[in-house]
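Step one of this worksheet: look at the structure below.
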Amino acid sequence: MRLLLVEDDTMIGEALLQVLRAENYAVDWVRDGSMADQALQSECYDLVLLDLGLPKRDGLDVLRALRARHNAVPVLVATARDGISERIAGLDAGADDYVLKPYDTEELLARLRALLRRSAGRAEPLFEYKGISLNPATHEATAHGQPVSLSAREWAVLEALLARPGAVLSRTQLEEKLFSWKDDVSSNAVEVYIHGVRKKLGTELIQTVRGLGYLVPKP
Ligand code: CA
């Protein structure tokens, strides 16, 4: 999952970056409103964590412009604990949810998971597919009740494909979900992770669609 973190406070931003990366999200961090706007026009994110008070361009303004482009990416706005009017303005400008600053990390992560789930059209917290189960809250994977140890990126590949069984994701789309700007991406990285998943969970789980990409077949 690829997230855009929009936060102008260096200390808060660095702390969040660490927390989010530890949860295996690929994160791009920008520190002002116009950078946020540019990133949102050039990249495809699974979720945006948006501070509202930003230099250069206000967070609400970035959000309104995003929705005016019919971009439906889930947006979680960060507002001050006493900023009720700010919270309402954020939700009415197109935010999906809000978190209070200073952040409670566990609550923030739970809200992220809830939003990612809803945006993928899922109500249930686990990914379950033909005896395989992934728990995004605990990062536990099991196959027929037995624990399976997946690397962070094997997990990310599988999660992206399980989110939409039957849909083909190209190598580029998978790379976008797996890597942030800072990561060096080798040309066969996605193939390597898919190979790893197949080795651990069976070769028929992820199918290659020649010339197009990969899919998990509809159950
Ligand atoms: Ca701020």
Side-chain angles (χ1 to χ4, degrees), residues 1-120 125 136-137 139 152 156 159-160 163 175-185:
M1 296 279 179
R2 175 100 174 263
L3 310 188
L4 180 66
L5 168 62
V6 188
E7 173 60 68
D8 59 316
D9 184 302
T10 303
M11 264 175 51
I12 297 175
E14 276 170 1
L16 282 177
L17 198 62
Q18 224 173 23
V19 165
L20 295 170
R21 291 203 169 138
E23 293 292 311
N24 302 336
Y25 294 114
V27 187
D28 295 328
W29 175 21
V30 293
R31 302 167 193 229
D32 68 57
S34 55
M35 287 289 291
D37 195 60
Q38 278 176 36
L40 287 164
Q41 294 199 51
S42 61
E43 306 285 338
C44 189
Y45 292 100
D46 293 295
L47 188 140
V48 183
L49 179 57
L50 180 67
D51 182 28
L52 293 183
L54 293 169
K56 292 191 184 167
R57 204 167 160 185
D58 183 57
L60 279 179
D61 193 39
V62 172
L63 180 55
R64 288 196 188 100
L66 176 76
R67 296 311 189 210
R69 293 193 299 271
H70 307 288
N71 186 325
V73 62
V75 175
L76 188 53
V77 293
T79 74
R81 214 154 274 277
D82 55 358
I84 295 177
S85 59
E86 205 182 38
R87 236 170 278 159
I88 294 169
L91 290 168
D92 283 338
D96 298 276
D97 197 2
Y98 62 85
V99 274
L100 302 177
K101 288 173 106 174
Y103 295 99
D104 178 274
T105 308
E106 291 307 314
E107 184 188 358
L108 168 66
L109 294 174
R111 285 186 189 269
L112 288 179
R113 288 191 293 270
L115 273 189
L116 289 169
R117 195 158 71 216
R118 254 182 276 157
S119 77
H139 300 293
E159 186 182 43
E175 281 171 357
E176 277 175 0
K177 287 190 177 294
L178 260 57
F179 301 107
S180 65
W181 294 326
K182 284 216 158 58
D183 295 314
D184 279 328
V185 186

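Whatever order the structure lists ligands and atoms in, that order sets their numbers, starting from 1.
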Under 3.5 Å side-chain donor-acceptor pair for Ser180 and Asp183: yes
Closest Asp8 atom to the Ca ion (ligand 1) [N, O or S only]: OD1
Looking at Asp51, the N, O or S atom sitting nearest the Ca ion (ligand 1) is OD2
Are Tyr45 and Asp28 close enough that a side-chain donor and a side-chain acceptor fall under 3.5 Å? yes
Between Gly59 and the Ca ion (ligand 1), is there a contact where an N/O/S atom of the residue lies under 3.0 Å from the metal? no
Quick test of your reading of the model: are Arg2 and Glu176 salt-bridged, counting only N-O distances below 4.0 Å? no
Nearest heavy-atom neighbours spanning Met1 and Asp46: CA-OD2, 3.3 Å
